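Below: the structure, in structure tokens.
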Amino acid sequence: MNTPLNPLDLSGRHFLVTGASSGIGRSTAILLHRLGARLSIVDLDEAGLSAVQAELRGGGQVEPHRTDLSDIPAIEPLVGRCVAANGPLHGVVHCAGIQAIVPVRTLQVEGWRKIFAVNTEAALMLGKTMSSRKVYAGEHGSIVFISSVMGMAGSIGAIAYSMSKAALDGMARSLSLELAPRGIRVNCIAPGFVQTPLLERTGKLWDEGQRKAVEDLHPLGFGKPEDIANAVAFLAADTGRWITGSVMVVDGGYLAR
Ligand code: NAP
């Protein structure tokens, strides 16, 4: 293996990043682009995509694609458009995700299916497209799914979200075994609470004391989107070349108790 000066170098590689308009996905897109990658950025929020694209002037090409990832059959054509615009893919980072705090008594089928579709089924469909020779660039393959500590630890009101993330972790382990012979690695990252618009929406239900209590569950405090983007870059680049089928916990110590 030729070791580059910067082992995180992604020059010449093309990554599809979902949820790229906001929070963890936005930070991930910015960092992967700084590391030299070409990007296809995907989100529901078109204005957010344009803002990120404007921020990423210079360097590798950045193509925005406004898509609703809960529409699973739309994902294969989306990936086709990304490849047509920016060349075959070296990797996918699925950051788009939704969360809703709903206790079991009021949980509805449509609600949990929507969460499962975006968080888990979209991830599987994105991973499935990478098994195609028309899509995968054929080397340095890396798929990263953003999971959650809630896939491993319970939390009141997070039943559907926990289900979606635990299933994501299990799906990624089996997918990693199928894609390893093609040289594609598949990993999850399980963040603790990270200061993003998603956390702000969830936190609207908390008073100051409750917010402090949640932060205190993290010995290192709340995380920042960059903390997760750094872990994504490590797994996406050749620094992660011997890591597959794993769930990397990046949680400020949340699960250490
Ligand atoms: P965020 O700031 O809300 O960003 C998520 C992005 O995904 C938004 O731009 C959102 O667009 C987009 N999105 C949602 N549904 C979509 C759909 N159906 N199709 C396309 N795009 C869609 O959230 P975040 O905190 O960065 O979360 C990113 C990932 O990290 C999620 O998978 C989340 O579960 C996971 N995570 C977050 C935390 C945390 O504390 N923040 C902790 C653990 C895990 P709209 O804004 O237009 O809906």
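As the structure lists them, so they are numbered: ligands from 1, and atoms in each ligand from 1. All residue numbers refer to positions in the sequence shown, counting from 1. Just so you know, these numbers come straight off a predicted model, no measurement behind them.
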Between Asp169 and Lys165, does any NZ, NE, NH1 or NH2 come within less than 4.0 Å of an OD or OE carboxylate oxygen? no
Salt bridge Arg211-Glu200, side-chain N to carboxylate O under 4.0 Å: yes
Around ligand 1, what residues show up once you keep those with a heavy atom under 4.0 Å from it? Gly19, Ser21, Ser22, Gly23, Ile24, Asp43, Leu44, Asp45, Thr67, Asp68, Leu69, Ser70, Cys95, Ala96, Gly97, Ile98, Val118, Ile146, Ser147, Ser148, Tyr161, Lys165, Pro191, Gly192, Phe193, Val194, Thr196, Pro197, Leu198, Arg201
Would a distance-only check, ignoring hydrogens and angles, find a side-chain to backbone donor-acceptor pair under 3.5 Å from Arg13 to His90? no
Please set out all donor-acceptor pairs under 3.5 angstrom arising from side-chain atoms of residues 217-228, sequence neighbours excluded.
unit_1, atom_1, unit_2, atom_2, d
His218, ND1, Val214, O, 3.1
His218, NE2, Phe193, N, 3.0
Asp227, OD2, Lys224, N, 2.8

Determine whether a donor-acceptor pair (N or O, by modelled atom type, separation under 3.5 Å) exists between the side chain of Ser21 and the backbone of Asp43. no
Just wondering, are more than 12 heavy atoms of other shown residues or ligands nearer than 6.0 Å to CD1 in Ile156? no
